[in-house]
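Below: one structure, written as structure tokens.
Letters A, B, ... are given to chains in the order of the sequence lines, protein chains preceding strands, and every chain is numbered from 1.
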Protein chains: 2
Amino acid sequence: MSGQNETRPTGARKGAVAATGRKVPCEKCPLRGKPVLRDFTADELAFVSNFKSGELNVEAGANILLQGTNSAHLYTILSGWAFRYKTLPDGRRQILNYSLPGEFIGLQGSVSDEMQHSVEALSDMLLCVFPREKLWNLYTNYPALAFDVTWLAAREEQILDENLMNVGRRTSLERTAYLLLHLFLRAEEIGLTKADAIQFPITQQHVADTLGMSLVHTNKTLKKLAASKAVLWKDKLFEILDRDALHEIAGFEPTQQRHRRPFI
Amino acid sequence: MSGQNETRPTGARKGAVAATGRKVPCEKCPLRGKPVLRDFTADELAFVSNFKSGELNVEAGANILLQGTNSAHLYTILSGWAFRYKTLPDGRRQILNYSLPGEFIGLQGSVSDEMQHSVEALSDMLLCVFPREKLWNLYTNYPALAFDVTWLAAREEQILDENLMNVGRRTSLERTAYLLLHLFLRAEEIGLTKADAIQFPITQQHVADTLGMSLVHTNKTLKKLAASKAVLWKDKLFEILDRDALHEIAGFEPTQQRHRRPFI
DNA sequence: CGACTTGTTGATGTACATCAAGGTACGTGG
DNA sequence: CCACGTACCTTGATGTACATCAACAAGTCG
């Protein structure tokens with residue numbers, strides 16, 4: 001029952017290890033202690049450790065969840081990047097959001113029959129695996145954790161709101177600046193940046209599919225952005241040269257508290 | 001403390017009555033018995049009746065919630081339509097989603113300090129008012145209701161996903177058809193339609209701001225849609241003449257179960 | 001065996017011509 | 001006055017085509 005290979009990536013380097021040994025206990029989770037995570041009680045940590053059914057290694061490019069299927073699992077990200085997306089029958093793709101360490105994957109599926117979107121790994125990833133059916137247990141016995149789940153869902157909603165505003169009402173230059181700044185800030189929050197630089201595992205095609213633009217136009221827009229000297233993006237290395245200028249171009253409105261995260 | 005007028009609409013016909021008499025007990029809620037609502041236990045209904053602090057009448061055009069503020073209340077809609085939106089400093093507006101009877105307003109605010117969007121009434125409305133601070137009580141004592149709240153949040157997320165895909169990757173004609181069909185189906189679900197017709201409380205400007213298009217282009221696109229004989233929209237009355245054709249134009253993918261709703 | 005070609009592929013960069021969408025202006029009708 | 005309708009011109013975005021460059025695999029030769 002557990003370990004259905006519908007969710008196993010197509011060539012995971014170490015293969016699926018769902019529902020087997022738990023290597024990293026939550027107490028030693030690399031994300032513990034980060035300011036994005038709230039403090040949990042020992043009781044909560046114990047429950048979550050027990051909730052967790054194992055870990056999963058996923059290779060870059062592999063599909064973690066597939067639109068139209070129904071996974072028995074729920075994941076949190078220990079390391080690596082992924083993105084959520086939908087496709088139309090004719091192949092047009094819209095990237096909905098990105099998923100970074102400390103975030104959930106597959107919560108929507110816990111609440112509806114079929115996944116309405118797919119999730120693909122951008123880099124090699126390490127995931128924590130949770131059996132979906134135990135989620136109810138969490139709601140009945142750990143209301144604080146249940147609230148955290150709701151909190152995460154609401155936060156995802158806020159990001160989607162911003163993305164929708166971005167795609168619908170900003171110019172291509174603003175959009176592009178906004179997206180890069182947004183991703184940088186999320187990564188910075190969890191300590192993935194060094195100074196004002198970061199390794200972005202995304203291509204221009206991802207940017208295009210996130211912002212609803214063509215690849216060609218995305219390329220031109222990125223060139224224009226680079227010409228402003230606000231950022232430098234070359235060979236996967238993204239660097240912010242002038243934070244104020246980037247904020248200015250993006251029309252960025254500081255989006256408040258991102259802290260208080262649920263269990264990992 | 002309760003009844004702050006920051007949340008009182010600018011000219012509500014009957015004024016704010018939050019935290020006062022409860023007129024419609026949940027047992028007699030007009031929405032009870034609709035298939036979109038799950039069955040609740042007597043205990044749950046009693047709790048919700050007590051959770052509810054009153055009702056609020058809102059006039060069309062009034063702001064229910066305002067971006068940047070923090071309301072002490074949470075609402076559910078008994079009757080009437082509203083829309084969620086964000087604005088940029090220069091006035092550009094993006095409508096994020098619409099809110100219909102049986103849905104929540106202001107959940108995001110329960111989870112973050114400041115409202116990241118505004119909500120405006122499209123028609124005269126009747127709202128149920130709940131004090132935000134009692135939400136925690138719901139989580140500790142009524143896990144099934146807590147799960148319902150999460151369910152609602154996830155459903156909102158699904159709609160946002162679709163909207164984002166719509167704005168980002170569909171043509172203007174597809175977008176327009178999709179939006180109208182989407183709204184019609186949501187209204188149909190709660191019995192707001194007669195045959196294949198409905199009173200839409202929205203203008204072309206709303207459509208434009210939802211789909212990220214200019215007013216002029218929205219007008220042209222609606223004309224083109226009308227020319228297809230799939231729909232007829234005149235004087236607020238929207239009618240579907242050919243459901244299959246509309247599905248076809250919209251590239252609509254039947255989006256599964258919308259049922260199981262939380263308390264009202 | 002190692003070094004040097006060759007071919008392939010994916011990501012990026014750029015130049016057109018074309019088209020979809022925007023903006024302004026000015027109608028109408030209620 | 002506001003919502004809708006339509007004409008005109010402008011601009012932003014697309015699609016196609018093609019060039020560059022690095023990474024990588026296969027094969028060849030010294």
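- Listed by first then second residue, pairs satisfying side chain to side chain donor-acceptor pair (under 3.5 Å) with a partner in residues 212-227 of chain A read Q204(A)-N219(A), not counting sequence neighbours.
- Among the atoms of the strands shown, only primed sugar atoms or phosphate atoms (P, OP1, OP2) are found under 4.0 Å from some heavy atom of S172(A).
- Ring geometry for F238(B) versus F200(B): interplanar angle under 30°, hence parallel rather than tilted (30 to 60°).
- Atom CG of N97(B) sits about 8.5 Å away from atom CZ of R155(B), to the nearest 0.5 Å.
- The two residues L127(A) and Y75(A) come nearest to each other via the heavy atoms CD1-CD2, 3.8 Å.
- Taking every nucleotide of DNA chain D with any atom under 4.0 Å from a non-hydrogen atom of chain B, the first and last of them, 5' to 3', are dC4(D) to dA7(D).
- The nearest whole Å value for the distance from the CZ atom in R170(B) to the P atom in dA20(C) is 18 Å.
- Residue pairs satisfying the salt bridge (charged side-chain N to carboxylate O under 4.0 Å, His left out) criterion with at least one member in residues 229-238 of chain B, sequence neighbours excluded, are absent.
- The residue among D235(A) and T221(A) whose nearest nucleotide of DNA chain D lies closer to the 5′ end is T221(A).
- Non-hydrogen atoms lying under 4.0 Å from DNA chain D are contributed by nothing in residues 224-231 of chain A.
- L160(A) CG to R84(A) CZ: the interatomic distance, rounded to the nearest 0.5 Å, is 5.5 Å.
- We find that R243(A) and E188(A) are joined by a salt bridge, their nearest charged nitrogen and carboxylate oxygen being less than 4.0 Å apart.
- Nucleotides of DNA chain C nearest to R169(A) and T203(A) differ in position, and the one nearer the 5' end is that of T203(A).
- Here L183(A) contributes atom CG and T210(A) contributes atom OG1; the two are 7.5 Å apart, rounded to the nearest 0.5 Å.
- In this view, D244(A) satisfies the salt bridge (charged side-chain N to carboxylate O under 4.0 Å, His left out) rule with no residue, not counting sequence neighbours.
- The aromatic rings of H182(B) and Y178(B) sit parallel, their planes meeting at an angle under 30°, below the 60° perpendicular limit.
- Residues from residues 207-220 of chain A with heavy atoms under 4.0 angstrom of DNA chain C, sorted by number: V216(A), N219(A).
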